[in-house]
Amino acid sequence: MNNRILGLHHITAIADNAKRNLDFYTRVLGVRLVKKTVNFDDPGTYHFYFGNEEGTPGTILTFFPWEGIGKGTNGTGLATHIGYSVPKGSLDFWKSRLQQFNVNVKESEIFGEKLISFKDPDGLQLQFIESSTDDRKVWTTDDIKEENALKGFHNVTLTLKKAEPTIKVLTDIFGYELNKQEGERYRFATDAIETANIVDIIENDKLLAGRNAAGTNHHVAFRVKDDNILMEFREKVLSAGLNITPKIDRDYFYSLYFREPGGVLFEIATDNPGFTVDEPLNELGTSLKLPKQHEGLREKIEEVLPKLS
């Protein structure tokens, strides 16, 4: 199993305001700020990583909060919905809690699974889906206890004009298999891991293309065990005729990026070295960590970063 894609590693989205983004995810949704760093290519912008206690792959939602970027548009060519796994019986708690914070909530079912849908303050589309089989360790807060806390990702949904070219990437390169289909919605899953292992596709050629800005997803990262396996997948992507980056050191994992045929930016990311490489577990997310190439500019970077309190 170790030389396979192990489901989702992380998902990265865009926000418009760093403090608002931080407050919503840590205070309202109760996930842990696992890492506070900066965008490698734009060090005047934060890069937040939210997840469980250890920042386990499959629990990590990250944000580039570009101040004042304005609202994006969901549409084809994007990952349009992020699905979180929540404990069975917790949806009433979440409906009540979200409504307390003036968040509109919609109840529905997808493939027989009960869920609630809502948007974060930037308009990012989130879904909480009941699970009775997810035993991942959760992060708890004073307000959100173990029986309600977010487990990590359940699925991600891609919205595409044409599904077939993307399906070939999921099945032929990543080892996913078609699990279910209802009309224009397809569900793919991998049995290489039991959680964060589902990708849904909505095919709709009448929708307009999405536009990346606040409230949209920037990329979806798939998980591999280490950088040796990462490079094996690089060869597979190249053999399929797709362009892919060289290996990039992201300090907490190694990455490759490529745009799949439907337009979604895919990343493949490693488990190693993990988030405790520069902070002990009990201090994750408490101080600003800079990439090595920007450490010499710390004073200037701290001056321009938005205030968080």
Side-chain angles (χ1 to χ4, degrees), residues 8-27 29 31-69 120-122 124 139 152 212-214 216-224 226-227 230-231 245-257 265-309:
L8 297 170
H9 185 283
H10 67 270
I11 300 171
T12 294
I14 302 171
D16 185 80
N17 180 282
K19 185 179 186 308
R20 184 179 65 189
N21 178 256
L22 179 65
D23 287 350
F24 183 78
Y25 283 90
T26 58
R27 296 182 183 177
L29 300 191
V31 287
R32 186 180 193 185
L33 177 63
V34 173
K35 193 65 61 178
K36 180 170 57 176
T37 182
V38 295
N39 185 306
F40 275 36
D41 304 311
D42 179 15
T45 298
Y46 280 113
H47 191 179
F48 295 146
Y49 291 76
F50 301 109
N52 68 357
E53 181 180 13
E54 298 176 3
T56 307
T59 74
I60 295 291
L61 178 60
T62 97
F63 281 91
F64 301 134
W66 276 301
E67 302 291 311
I69 192 174
D120 83 353
D122 288 293
L124 188 69
W139 177 251
N212 257 152
T216 65
N217 285 294
H218 188 271
H219 63 268
V220 178
F222 293 84
R223 175 185 181 187
V224 293
D226 58 37
D227 39 325
L230 183 77
M231 297 311 285
T245 66
K247 181 171 73 171
I248 300 171
D249 182 353
R250 293 302 191 196
D251 285 359
Y252 311 111
F253 44 85
Y254 297 94
S255 291
L256 302 167
Y257 299 85
L265 183 59
F266 278 1
E267 177 182 355
I268 309 173
T270 65
D271 282 3
N272 62 304
F275 292 106
T276 55
V277 69
D278 60 0
E279 283 179 300
L281 181 63
N282 65 328
E283 294 179 15
L284 288 180
T286 58
S287 59
L288 177 66
K289 295 299 177 182
L290 296 178
K292 292 179 285 292
Q293 64 268 35
H294 296 318
E295 188 58 57
L297 299 171
R298 175 174 286 272
E299 194 173 319
K300 289 183 178 178
I301 289 171
E302 289 179 341
E303 279 178 14
V304 301
L305 285 170
K307 301 295 179 247
L308 299 177
S309 58

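Numbers here are sequence positions counted from 1. Side-chain atoms are counted along with the backbone in the values below, which use heavy atoms only and exclude waters and symmetry mates.
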Quick check: does any side chain N or O of H218 sit under 3.5 Å from a backbone N or O of F64, one acting as donor and the other as acceptor?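 A pair under 3.5 Å: no.
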Any donor-acceptor pair under 3.5 Å from T37 side chain to K289 backbone: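 At least one qualifying donor-acceptor pair exists.
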Do [X] and [Y] have side chains that get closer than 4.5 Å, going by heavy atoms?
X    : Y    : value
D120 : F63  : yes
D278 : Y252 : yes
F222 : H9   : no
I248 : Y257 : yes

For the residue pair Y25 and F50, does the interplanar ring angle fall in the parallel (under 30°), tilted (30 to 60°) or perpendicular (over 60°) class?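 Correct class here is parallel.
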Please round to the nearest 0.5 Å and tell me the distance separating atom [atom1] of [X] and atom [atom2] of [Y].
X   : Y   : atom1 : atom2 : answer
N17 : I69 : CG    : CD1   : 12.5 Å
F24 : K19 : CZ    : NZ    : 14.0 Å
I60 : L8  : CD1   : CG    : 12.0 Å

What residue among L308, V38, T12 forms side chain to side chain contact (heavy atoms under 4.5 Å, CB included) with F48?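 When L308, V38, T12 are each tested with F48, the side chain to side chain contact (heavy atoms under 4.5 Å, CB included) holds only for L308.
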Check against side chain to side chain donor-acceptor pair (under 3.5 Å), W66 and D42: CA-CA 10 Å; W66 276 301; D42 179 15; 2.8 Å; yes
Above 12 or not: heavy atoms from other molecules or residues under 6.0 Å from [atom1] of [X]?
X    : atom1 : result
R298 : CZ    : yes
K300 : NZ    : no
Q293 : CD    : yes

Ionic contact status for D251 with K35, cut-off 4.0 Å: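 Judged by the 4.0 Å cut-off on N to carboxylate O distance, K35 and D251 do not form a salt bridge.
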